[in-house]
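All remarks here apply to the structure that follows.
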Amino acid sequence: MRLVEVQGRDRALCLLYGLSAVIGFAIMGTMAVVFVVQNADAGFFGVIENFLRDATSNLATQFVYADLVLVWAALAAYMIVEGRRHGIRHVWAYIVGAPLIALIVTYGLFMLVRQLKIAAARDTGEPADTAHPLRPATAQAAP
């Protein structure tokens with residue numbers, strides 16, 4: 001289902017998720033570019049080393065970084081379960097993309113795709129939220 005075909009609450013949620021991904025990409029992308037420019041003289045691996053050093057240099061940054069990693073792990077589990085429940089393909093890309101782009105971007109995109117799947121299932125009369133969470137939607141037996 002395409003976003004232009006989605007109506008009502010589903011459309012509002014899709015717009016919210018899409019907007020969070022776009023705003024997150026703009027903010028986090030800008031911050032990443034500034035960091036890379038400031039550390040460009042260190043080379044590719046030096047930029048990564050400087051980032052990891054800065055991200056873990058004191059207790060405050062360690063707290064924020066550890067919290068982010070734990071949230072990423074919890075959301076990865078959620079995305080796997082929901083991805084299987086709603087038949088979302090390539091869930092691994094959302095999980096792997098989080099530390100490469102930003103968690104807000106990949107999670108927002110995942111939630112957008114999830115809501116489109118829910119809206120499509122609702123329009124076809126399929127039960128969207130009653131599927132077994134650990135079995136892919138395409139492998140379920142017909143009622």
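As the structure is a prediction and not an experimental result, all values here were calculated from the model.
- Across every non-hydrogen atom of D54 and S57, the tightest pair is O-OG, 3.3 Å.
- Hydrophobic cluster membership differs between V113 and V22, with clusters built from Ile, Leu, Val, Met, Phe, Trp and Tyr side chains linked at under 4.5 angstrom.
- The structure places CD1 of I118 at 4.0 Å from NE2 of H86, a figure rounded to the nearest 0.5 Å.
- Among all heavy-atom pairs drawn from A42 and N50, the shortest one is CB-ND2, 3.6 Å.
- Two residues are said to be in side-chain contact when any heavy atoms from C-beta on lie closer than 4.5 Å; V64 and L68 fail this criterion.
- Here T106 contributes atom OG1 and M79 contributes atom CE; the two are 5.5 Å apart, rounded to the nearest 0.5 Å.
- Note that the CG atom of L116 and the CD1 atom of I88 stand 9.0 Å from one another [nearest 0.5 Å].
- Under the side chain to side chain contact (heavy atoms under 4.5 Å, CB included) test applied with F110, the options V91, L75, I95 reduce to a single match, V91.
- Sorted by first then second residue, the side chain to side chain donor-acceptor pair (under 3.5 Å) pairs that include residues 15-29, not counting sequence neighbours, number zero.
- The line from CZ of R114 to OH of Y94 is 12.5 Å long, rounded to the nearest 0.5 Å.
- Within 6.0 Å of atom CD in Q62, more than 12 heavy atoms from other residues, nucleotides or ligands are found, so the atom counts as buried in its surroundings.
- Listed by first and then second residue, the ring-ring contact (aromatic ring centres under 6.0 Å, His included) pairs involving residues 41-72 are F35-F51 (not counting sequence neighbours).
- Separating the CZ atom in R84 from the CD1 atom in I80 is a distance of 6.5 Å, to the nearest 0.5 Å.
- Residues D10 and A119 approach most closely at OD2-CB, 3.5 Å, considering heavy atoms.
- Put simply, CG on L16 and CZ on R9 are 11.0 Å apart, with the number rounded to the nearest 0.5 Å.
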